[in-house]
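In what follows, a structure is listed as structure tokens, so that the remarks can point back to it.
We name chains A, B, ... by the order of the sequence lines, and we start the count at 1 in each one.
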Amino acid sequence: MIEDIRIEIKKSLAKAVHEAFQLSKSPDEIPVDIQTKPEFGEFSSNLCIQLLKAAGKKQEEIALEIILRFEKPEFVDSVEAMEAGGVYYLNFFLDFPAFGDKVLREVLSSKDDYGKSDFHKGQKLLLEHSSINPTGPINVGRVRNSLIGDTMAGLARAVGWDVETHFYVDDMGKQVATIAWGIENKISEKYSLTFDERGEPVLEETDGPAENELLSRYEKYADKPDFKVFFTYVPTTKLIEDENLDSEIDELAERCEEGEEESIGRLKKVVEDVLAGQKQTLERLGITFDSFDFESRFVLDGSAQKAIEDLKALPQSLELDTGANAIDLSEFGLERRGGGTVFQRPNGTSVYIVRDVAYHRWKLGQADANLIVLGEDHKVEYKELKTILKLLGDLKDDNLLDVVHFAFVGMKGRRMSTRKGVIVSVDELLDEGIDRAEKEVRSRNEELDDEKVAEIAKQVAIGAIKYHMLKVQTMKQLTFSWEDALDFEGDAAPYVQYAHARASSILRKGGVFEDTSIPENIVFTNESERDLTRLISHFPSIIFTAAAERRPHLLPDYAYKLATQFTEFYHKSPVLGAEEPEVKESRIAMVKATRQTLRNCLSLLGIESPDRM
RNA sequence: GGGCCCAUAGCCUAGCCAGGAUAUGGCGUUUGGCUUCGGACCAAAAGAUCGAGGGUUCGAAUCCCUCUGGGCCCGCCA
């Protein structure tokens, strides 16, 4: 609706410009912005200064000529030229009763679909995200990937894509072989694990019962399979490092690589354990996947081998002095020290990129377009992969494979590292958050039973955590802090949820919570009503931009603005106490529309909207 | 050594890609506000040489160059 009006304004302006100055401009070239400041109207354009040279006239003359010829599209009430800082803006004001009426009607009739469009209808998007290493529980660093991925999935669906989510499981590498070896050799029973003052793991061989500092720290999660593996992974990596046991691990990894099913089975068992634990955590966050793609599959079905052969056939392919096979991508600005990106070791085994190529060839065949969420540490790898896929002829169009990168989540002072046992697990964060939220909810709602309190506490805590990690631009580095992650005040999910709960509360009190009727006539009597409705009207544009430009943080940003605007409305415009029945009906419609829009926005973020909290 | 990303008040952050209206909010600080639809709230105040320097432009937080600080990458790990 808002975009429709914008397009109409652009068309009309293009026409006016043509008539006035004989300049041909396509509507796309006409700048028209959605205004966030109501005093400048609903839309504005700096077209006059843009035309300065081409028209050869002063801005005020240009403005006059355009306004004179501008044919007002539906809902546009007036155009005004306003000068500021030497620029003449064209500001477009809408016929508010008509526009607002239409907006509210649209929200109330579209309900959960408000904001969505069918732009990509009939197209399938394969979205790979998370793909967390199977070395232990999900930490707050890795989970940024999942949260961005899940939100992008929602956004993609909201603009019409048929989305399929995938999780790539690394069940082949050295890391996994290390764990399998460690478990089979009962490392965590033979060695005590402690950490020195620098946080480095220290091992000590023992005959008696082994101590494990990680186990005592995470006693609560001792039975969770991903933690169990973590307890073994840390001492085993350390042992291998100390004792130079690489060859034993390499041998195991090599046998997997050769497709030996028994070895692959040994690794896969470990991986499935970790994955089961990770899935539990993801499910607590409400994140699920349509498919888990095991790396080993691409070895077993021969597609990795096929990829090696195809790579060797490329003109950029070469054999290095060491006997390894590599591909030289320097002509694409992707230089490697050794002279190329190695894809096959001298012993004939393949490097991860081969399986990545095989995997992506498969993925490209599954959907109309592909999107991946990857940490910034994989930027080069992604570029190489994409370049290779183009060289191989598997990627015909750049747009068919796209990526969202994100910066790392750090901890004050040191980097998170599973290998060193330095993590903040998502489970502990959730548990701590729910604990805090429960106290808060209980103190505010004495009448609620324990079960209801627990449910709301969960929604609040999970909301706060997700919102906190999603409200910042993906490329901005985050420093994790318990206080910030679990802050329930200010620009945080609970504030938005609270506005929603208040809206619900008004509807309950007014006895219209279940009522879906829309009043015959909607009236606007003050600015707070218009500002609120105007902001509601922006939601579809927000979704569209966030989805197209892969900027999920626009959603928390918008949710907070809308919640704030609702609070202002709440204080200035009594709903149930409104004297005129028409005003009361209209305001109820605004409350319903706000509640619906807040819900829809939070829902895209994977955040629930409790009706009381 | 080379490449990519980030830098906005004491702290966190929007705006940057498509340059233009007094730079967006939050936390914290100070002051005030619950007999009126829920105080996880509201109103107000103070707080910014938009990392530094140069350039392009009528106009730069936004584009270009140089530099500084931080992160990431430059594995025959994945």
Side-chain angles (χ1 to χ4, degrees), chain A residues 31 35-37 39-40 44 46 49-50 52 59 82-89 91 131 133 135 168 170 172-176 253 295 320 322-326 333-338 341-347 349-353 355-356 375-381 383 405-408 410 415 437 440-441 443-445 460 464 468 471-479 481 483-484 487-499 501-510 549 551 553-554 556-557 560-561 564 567-568 570-571 573-578 587 591 612-613:
Chain A
Q35 246 314 330
T36 50
K37 292 178 182 169
E39 65 265 34
F40 301 138
S44 62
N46 60 357
I49 195 154
Q50 307 285 356
L52 208 52
Q59 281 190 71
M82 292 165 88
E83 190 273 340
V87 181
Y88 277 77
Y89 293 91
N91 291 334
S131 304
N133 276 341
T135 51
Y168 186 50
D170 160 28
M172 287 291 298
K174 212 164 163 176
Q175 286 175 324
V176 187
E295 194 174 335
L320 300 177
T322 57
N325 281 289
L334 295 162
E335 276 150 40
R336 287 272 178 167
R337 273 177 181 160
T341 308
V342 172
F343 60 88
Q344 190 178 35
R345 303 183 184 95
N347 66 9
T349 59
S350 71
V351 181
Y352 72 93
I353 190 115
R355 278 153 271 150
D356 252 7
E376 62 174 338
D377 52 336
H378 287 81
K379 273 187 173 179
V380 174
E381 169 204 338
K383 275 189 195 157
H405 285 298
F406 62 93
F408 271 23
R415 194 181 157 173
E440 199 73 19
V441 175
S443 71
R444 289 159 191 275
N445 300 277
V460 169
H468 172 70
K471 75 172 172 178
V472 183
Q473 243 187 32
T474 57
M475 277 317 294
K476 205 125 169 173
Q477 225 185 304
L478 285 178
T479 303
S481 96
E483 303 81 72
D484 293 344
D487 193 355
F488 296 159
E489 281 162 21
D491 184 6
Y495 177 93
V496 181
Q497 291 172 317
Y498 183 67
R502 272 174 154 183
S504 299
S505 175
I506 293 174
L507 299 177
R508 272 197 305 273
K509 286 229 163 88
E549 298 177 10
R551 291 199 288 171
H553 76 277
L554 295 181
D557 193 66
Y560 186 75
K561 276 186 198 147
T564 306
T567 307
E568 189 184 323
Y570 180 93
H571 284 100
S573 310
V575 177
L576 304 176
R587 288 182 180 167
V591 172
R612 58 182 98 221
M613 59 188 276

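- Rounded to a whole Å, the CZ atom of A:Arg355 is 8 Å from the C1' atom of B:A78.
- Nucleic acid contact class of A:His405 (heavy atoms, under 4.0 Å, all strands): none.
- Counting to the nearest Å, the P atom of B:G38 and the CD atom of A:Gln497 are 18 Å from each other.
- Residues passing the salt bridge (charged side-chain N to carboxylate O under 4.0 Å, His left out) test with A:Glu83: none are found, sequence neighbours excluded.
- Contact annotation for A:Gln59: no contact, since no heavy-atom pair falls under 4.0 Å across all strands.
- Of the residues near RNA chain B, A:His553 and A:Arg337, the one whose nearest nucleotide (by heavy atom distance) lies more toward the 5' end is A:His553.
- For A:Phe488, there are no ring pair (Phe, Tyr, Trp, His ring centres under 6.0 Å) partners, not counting sequence neighbours.
- Regarding contacts with the backbone of B:C42, a side-chain N or O of A:Tyr495 is found under 4.0 angstrom from either OP1 or OP2.
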Any N/O pairs under 3.5 Å between the protein and nucleotides 3-7 of chain B? List them or say none.
| residue | atom | partner | partner atom | Å |
| --- | --- | --- | --- | --- |
| B:C4 | O2' | A:Lys379 | NZ | 3.0 |
| B:C5 | O4' | A:Lys379 | NZ | 3.3 |
| B:A7 | OP1 | A:Lys476 | NZ | 3.0 |

Exercise. After noting the C-alpha distance and the side-chain angles of A:Lys471 and A:Tyr560, does the key distance pass the side chain to side chain contact (heavy atoms under 4.5 Å, CB included) rule?
Worked result: CA-CA 10 Å; A:Lys471 75 172 172 178; A:Tyr560 186 75; over 6 Å; no
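- Put simply, the side chain of A:Glu568 and the base of B:A43 share no donor and acceptor less than 3.5 Å apart.
- Listed by chain and residue number, A:Glu549 satisfy the salt bridge (charged side-chain N to carboxylate O under 4.0 Å, His left out) test with A:Arg551 (two or more places apart in sequence, or in another chain).
- Summarising the geometry, the separation between OH on A:Tyr570 and C1' on B:A43 is reported as 16 Å, rounded to the nearest angstrom.
- Taking the ring pair (Phe, Tyr, Trp, His ring centres under 6.0 Å) definition, one finds that A:Phe343 meets it with nothing, sequence neighbours left out.
- Distance noted for atom P between B:C6 and B:C64: 11 Å (whole Å).
- Annotation: B:C63 and B:C4 have their P atoms spaced 15 Å apart (nearest Å).
- Nucleotides B:A43 and B:G53 are separated by 42 Å at their C1' atoms, to the nearest Å.
- With B:C41, B:A78, B:C37 as the choices, the nucleotide that has an atom nearest any side-chain atom of A:Val351 turns out to be B:A78.
- Between A:Arg336 and the phosphate of B:C73, there is no side-chain N or O to OP1/OP2 separation shorter than 4.0 Å.
- Spacing between atom CD of A:Gln35 and atom P of B:G15 amounts to 17 Å, rounded to whole angstrom units.
- Rounded to whole Å, the P atom of B:C27 lies 16 Å from the corresponding atom of B:A45.
- Among the heavy atoms of the strands lying under 4.0 Å from A:Ala501 is at least one base atom, whether or not backbone atoms are also near.
- Taking the C1' atoms as reference points, B:A48 lies 15 Å from B:G15, given to the whole Å.
- Residues satisfying the ring pair (Phe, Tyr, Trp, His ring centres under 6.0 Å) test with A:Phe408, not counting sequence neighbours, are none.
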Problem set entry | Residues A:Leu576, A:Lys509; criterion side chain to side chain contact (heavy atoms under 4.5 Å, CB included); working and verdict | CA-CA 8 Å; A:Leu576 304 176; A:Lys509 286 229 163 88; 3.6 Å; yes
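- Side chain of A:Gln59 to main chain of A:Gly86: a donor-acceptor pair is present (N/O by atom type, distance under 3.5 Å, no hydrogens or angles).
- A:Phe343 places its CZ atom 18 Å from the C1' atom of B:A78, with the value rounded to the nearest Å.
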Please write out each protein N/O paired with an N/O of nucleotides 23-33 of chain B under 3.5 Å, distance rounded to 0.1 Å.
| residue | atom | partner | partner atom | Å |
| --- | --- | --- | --- | --- |
| B:G26 | O2' | A:Asp491 | N | 3.2 |

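- Taking the C1' atom of each, B:A61 and B:G1 are spaced 32 Å apart, rounded to whole Å.
- No engagement by A:Pro31 is indicated, since no non-hydrogen atom pair under 4.0 Å with the nucleic acid exists.
- Nearest nucleotide to the A:Arg551 side chain, out of B:A78, B:C17, B:G75: B:C17.
- Comparing the P positions of B:C42 and B:G28 gives an interatomic distance of 12 Å, to the nearest angstrom.
- A:Asp377 contributes no side-chain N or O that forms a donor-acceptor pair with the base of B:A78 under 3.5 Å.
- Rounded to whole Å, the distance from CZ on A:Phe406 to C1' on B:C73 is 15 Å.
- At least one side-chain nitrogen or oxygen of A:Ser505 sits closer than 4.0 Å to the OP1 or OP2 atom of B:G38.
- The side chain to side chain contact (heavy atoms under 4.5 Å, CB included) check on A:Glu489 picks up A:Asp487, with sequence neighbours excluded.
- The P atoms of B:G2 and B:C65 are separated by 16 Å, rounded to the nearest whole Å.
- In this structure, the CD atom of A:Gln50 is 14 Å from the P atom of B:C58, given to the nearest Å.
- Within 4.0 Å of A:Val441, counting heavy atoms only, lies at least one base atom of the nucleic acid.
- Side-chain contact between A:Pro574 and A:Arg587: present, with at least one pair of heavy atoms (C-beta onward) separated by less than 4.5 Å.
- Checking B:A43 for Watson-Crick or G-U wobble geometry (two distances, each under 3.5 Å) identifies B:U31 as its partner.
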For this session: Might you work through the side chain to side chain contact (heavy atoms under 4.5 Å, CB included) test for A:Asp356 and A:Tyr168, ending with a clear yes or no?
Result: CA-CA 10 Å; A:Asp356 252 7; A:Tyr168 186 50; 3.6 Å; yes
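- Atoms CG (A:Leu478) and C1' (B:C72) sit 15 Å apart, rounded to a whole Å.
- Within 4.0 Å (heavy atoms only), A:Gly86 reaches no atom of the nucleic acid at all.
- Among the heavy atoms of the strands, none lies under 4.0 Å from A:Val591.
- Here the nucleotide nearest the side chain of A:Asn445, chosen from B:A78, B:G38, B:G15, is B:G38.
- Using a 4.0 Å heavy-atom cutoff across all strands shown, A:Ser443 reaches no nucleic acid atom at all.
- As the counterpart of B:G1, B:C74 is assigned, both hydrogen-bonding distances of the Watson-Crick or G-U wobble pattern falling under 3.5 Å.
- A 4.5 Å side-chain heavy-atom check between A:Asn91 and A:Lys37 finds every atom pair outside the cut-off.
- In this structure, A:Ser44 and A:Thr341 both approach RNA chain B, and ranking their closest nucleotides by distance from the 5' end singles out A:Ser44.
- Each of B:C77, B:G15, B:C37 was ranked by its minimum atom distance to the side chain of A:Lys174; first place goes to B:C77.
- When the side chain to side chain contact (heavy atoms under 4.5 Å, CB included) test is applied to A:Lys383, the partners found at least two apart in sequence or on another chain are A:Leu334.
- Residue contacts for A:Met172: at a heavy-atom cut-off of 4.0 Å it reaches no nucleic acid atom on any strand shown.
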